[in-house]
Amino acid sequence: MIWIFKKTLYRLFHRIGKVTLPILPIPVPDLYTGAGSIKKLPEIVKAKGINTIFIVTDKGIMEAGLLEGLFTSLKENNISYTLFDEVQPNPTIDNIEDGLRLYCANNCEGIIAFGGGSPMDCAKGIAARFANQKRSVTRMRGLFKVGIGKKLPPLFAVPTTAGTGSETSVAAVITDAVTHEKFGIADLKLVPPVAVLDPELMLGLPPHLTSATGMDALTHAIEAYVGLTGSKFTDENAEKATRIIFETLEDVYKDGSNLEKRNDMAMASFYAGTAFTRASVGYVHAVAHNMGGLYGVPHGLANAIILPYVLEFYGKKAEKKLSRLALAAGIGNKDDTRGELSRKFIEKIKTMNKKMGIPTRIKELQEKDIPLIAERVLYEAHPLYPVPRIMNKKACEDFLRKLLP
């Protein structure tokens, strides 16, 4: 009886979201795209009256030398910069606090987030904390807790992977290093005002990162599409993203030097980010966040592994939308039944994963952790994620056992 009551409340929350989400004034970044677009960034920064910028990135980006051109351009435009390259693969609360101290010590006026999802999340966390110096990161967990009237430093997003969509999303995902739990901060203020998608920055991305980040973008598109709070706008963006990823990702995985297809994947990631930031995600992300928080499994890889299992769990509840998405992405034909189209769509994902060397299980997952993970998954997902089929704790534990090595 209690479970029925809970499910009713969740569905009421989703119905409210279906009405309210499309009318939220979610900002759209000023977008600069194409090869060499990073060269425009110093002029954009200067035009906003910023003379001292804070660059948030990681050691891998530094070792790859991707920032050298930007450093030179900033100097040529008389913009001083402070570098924070200590971002961890799953940025922690301490990571954000360290960045905040350096930002304040150097009197910086804006932030460039340069890299994959981790630098983006960390940069957003630093910006949120700067605007809320008496509010901890954990107190901003959840929806719209960055603070009414709080003004964040200008944020310029430069993704070097095609996957997270963080350059257009309202979210930042942070890890609590004490509890090994990932949690999200979501607020309209976290959408970067400026995004630069330069495919030249993605040319050196290794195949395994190309595949994982690409499947991350695909997960964003699909979860936004099959959820219950989507709109015509989010559906159109999810369809575009899915079609491009199905047509392009395996080619880019095989040949990362194709500039045009790298650009296509960057745009697909942006479309998918535009969709999920307005229609939310689902159980794939709830499970993946916990695989990352507890075991350090890379987020895109976790999403890729988990995605087909979740779609199979949704079953008939997602068939109508999956069949529509399949046709939009060029999978199957109009004479197929919904069930056939849905199965073909899921098989396509499994085939892509196999061709790109993505495993079918989470090798780090342990049976003893399943009750705790299930508890955390459901805490994250309910009621925020408008999933087509709702799990209880037993169903979640049974689901997680399918991922055991």
* Asked: Just how far is it from atom CG of N237 to atom CE of M267, taken to the nearest 0.5 Å?
  -> 9.0 Å
* Asked: Is the NZ or CZ atom of K40 positioned over Y32's six-membered ring, under 6.0 angstrom from the centre and within 45° of the axis?
  -> no
* Asked: Are the side chains of I346 and R343 in touch, meaning some heavy atoms are under 4.5 Å apart?
  -> no
* To do: Classify the angle between the aromatic ring planes of F71 and Y81 as parallel (below 30°), tilted (30 to 60°) or perpendicular (above 60°).
  => parallel
* For F399 and V287, run side-chain contact (heavy atoms from CB on, under 4.5 Å): C-alpha distance rounded to whole Å, both residues' side-chain angles, the deciding distance at 0.1 Å, then the answer. => CA-CA 10 Å; F399 172 84; V287 176; 4.1 Å; yes
* Asked: Is the closest side-chain donor-acceptor distance between S342 and S323 under 3.5 Å?
  -> no
* From L327 atom CG to E239 atom CD, the distance as rounded to the nearest 0.5 Å -> 9.5 Å
* Backbone N or O of K261 within a donor-acceptor pair of the N258 side chain at under 3.5 Å? -> yes
* Exercise: identify the closest heavy-atom pair between N290 and A286 -> ND2-O, 2.8 Å
* To do: State whether the side chain of K59 and the backbone N or O of E86 hold a donor-acceptor pair below 3.5 Å, judged by distance alone.
  => no
* Asked: Do the numbers put K348 on top of the ring of F246, so that NZ or CZ is under 6.0 Å from the six-membered ring centre and no more than 45° off the axis?
  -> yes
* Asked: Taking the side chain as C-beta and beyond, is there a heavy-atom pair between L24 and V170 under 4.5 Å?
  -> no
* Given salt bridge (charged side-chain N to carboxylate O under 4.0 Å, His left out), test R401 with D398 step by step and report yes or no. => CA-CA 5 Å; R401 290 189 178 93; D398 290 343; 3.5 Å; yes
* Using the side-chain contact (heavy atoms from CB on, under 4.5 Å) rule, take C122 and I96 through it: C-alpha gap first, then chi angles, then the decisive distance, then the call. => CA-CA 6 Å; C122 191; I96 289 169; 4.3 Å; yes
* **Test applied, side-chain hydrogen bond (donor to acceptor under 3.5 Å, both in side chains); reference residue, Y309; option that passes from R361, K402, K350** => R361
* Heavy atoms of other groups near K46 NZ, more than 12 under 6.0 Å -> yes
* To do: Would you indicate whether the side-chain heavy atoms of I38 and E200 approach each other to under 4.5 Å?
  => no
* To do: Assert yes or no for the condition that the ring centre distance of F183 to Y379 is strictly below 6.0 Å.
  => no
* Any side-chain heavy atom of L66 sitting closer than 4.5 Å to one from T57? -> no
* Could you please spell out the steps behind the salt bridge (charged side-chain N to carboxylate O under 4.0 Å, His left out) verdict for K393 and E397? => CA-CA 6 Å; K393 193 165 187 289; E397 290 178 356; 2.7 Å; yes
* To do: Rounded to the nearest 0.5 Å, what's the gap from CD1 on I53 to CD1 on I111? Could you check?
  => 8.0 Å
* To do: Please answer whether the main-chain N or O of I358 pairs with a side-chain N or O of N353 as donor and acceptor at a distance below 3.5 Å.
  => no
* Asked: Atom OG1 of T179 and atom CG of L294: how far apart are they, to the nearest 0.5 Å?
  -> 9.5 Å
* Would a distance-only check, ignoring hydrogens and angles, find a side-chain to backbone donor-acceptor pair under 3.5 Å from K321 to G227? -> yes
* Search all heavy atoms of P199 against all heavy atoms of A35 and return the closest pair with its distance. => CD-N, 3.6 Å
* Go through the steps for M202 and T210 under the test side-chain contact (heavy atoms from CB on, under 4.5 Å), then give the verdict. => CA-CA 9 Å; M202 304 174 190; T210 296; over 6 Å; no
* To do: Without swapping roles, check the side chain of E223 against the backbone of S280 for a donor-acceptor pair under 3.5 Å.
  => no
* Structure fact -> Closest non-hydrogen contact found for A128 with L152 is N-CD2, 4.0 Å
* Asked: How are the rings of Y283 and Y314 set to each other: parallel, tilted or perpendicular (split at 30° and 60°)?
  -> tilted
* Do the non-hydrogen side-chain atoms of N132 and M140 ever get within less than 4.5 Å of each other? -> yes
* Using atom types as modelled and distance alone, determine if a side-chain donor or acceptor of N333 lies under 3.5 Å from a backbone N or O of D335. => yes
* Please check if atom CD in E260 has more than 12 non-hydrogen atoms from other residues, nucleotides or ligands closer than 6.0 Å. => no
* Structure fact -> Exactly one candidate in P192, P29, P27 meets side-chain contact (heavy atoms from CB on, under 4.5 Å) with T168; the answer is P29
* Asked: Side chains of T82 and Y103: closer than 4.5 Å at any heavy-atom pair?
  -> no
* To do: Measure across A123 and L155 and return the closest heavy-atom pair with its distance rounded to 0.1 Å.
  => CB-CD1, 4.0 Å
* For S118 and P89, indicate whether the former's side chain and the latter's backbone hold a donor-acceptor pair under 3.5 Å. => yes
* Just by distance, do the side chain of R324 and the backbone of K320 share a donor-acceptor pair under 3.5 Å? -> no
* Below 4.5 Å, heavy atoms only, C-beta onward: do K48 and E109 meet side chain to side chain? -> no
* Return the minimal non-hydrogen interatomic distance between G34 and S37, and the atom names on each side. => O-OG, 2.8 Å
* Test log, rule side-chain contact (heavy atoms from CB on, under 4.5 Å), inputs D85 and I61 -> CA-CA 8 Å; D85 63 356; I61 296 292; over 6 Å; no
* Asked: What is the distance from atom CD1 of I373 to atom CG of L400, rounded to the nearest 0.5 Å?
  -> 6.0 Å
* Asked: Is there a donor-acceptor contact under 3.5 Å linking the side chains of Y271 and E236?
  -> no
* Name all pairs fulfilling the side-chain hydrogen bond (donor to acceptor under 3.5 Å, both in side chains) condition that reach into residues 89-102, sequence neighbours left out, sorted by first residue then second. => N90-K182, E97-R129, D98-R101
* N/O donor-acceptor pair under 3.5 Å between K124 side chain and S166 backbone -> yes
* Structure fact -> Between Y295 and Q366 the two heavy atoms that sit nearest each other are OH-N, 3.2 Å
* Structure fact -> side-chain contact (heavy atoms from CB on, under 4.5 Å) filter on P359, not counting sequence neighbours, yields L301, I305
* Pairwise side-chain hydrogen bond (donor to acceptor under 3.5 Å, both in side chains) hits with a residue in residues 3-14, at least two apart -> R11-H14
* Asked: Between OG1 of T229 and CG of L21, what distance do you get to the nearest 0.5 Å?
  -> 5.0 Å
* To do: Output yes when a side-chain donor or acceptor of S269 lies under 3.5 Å from a complementary backbone atom of A266, and no otherwise.
  => no
* Does the side chain of M62 come within less than 4.5 Å of L67's, by heavy atoms? -> yes
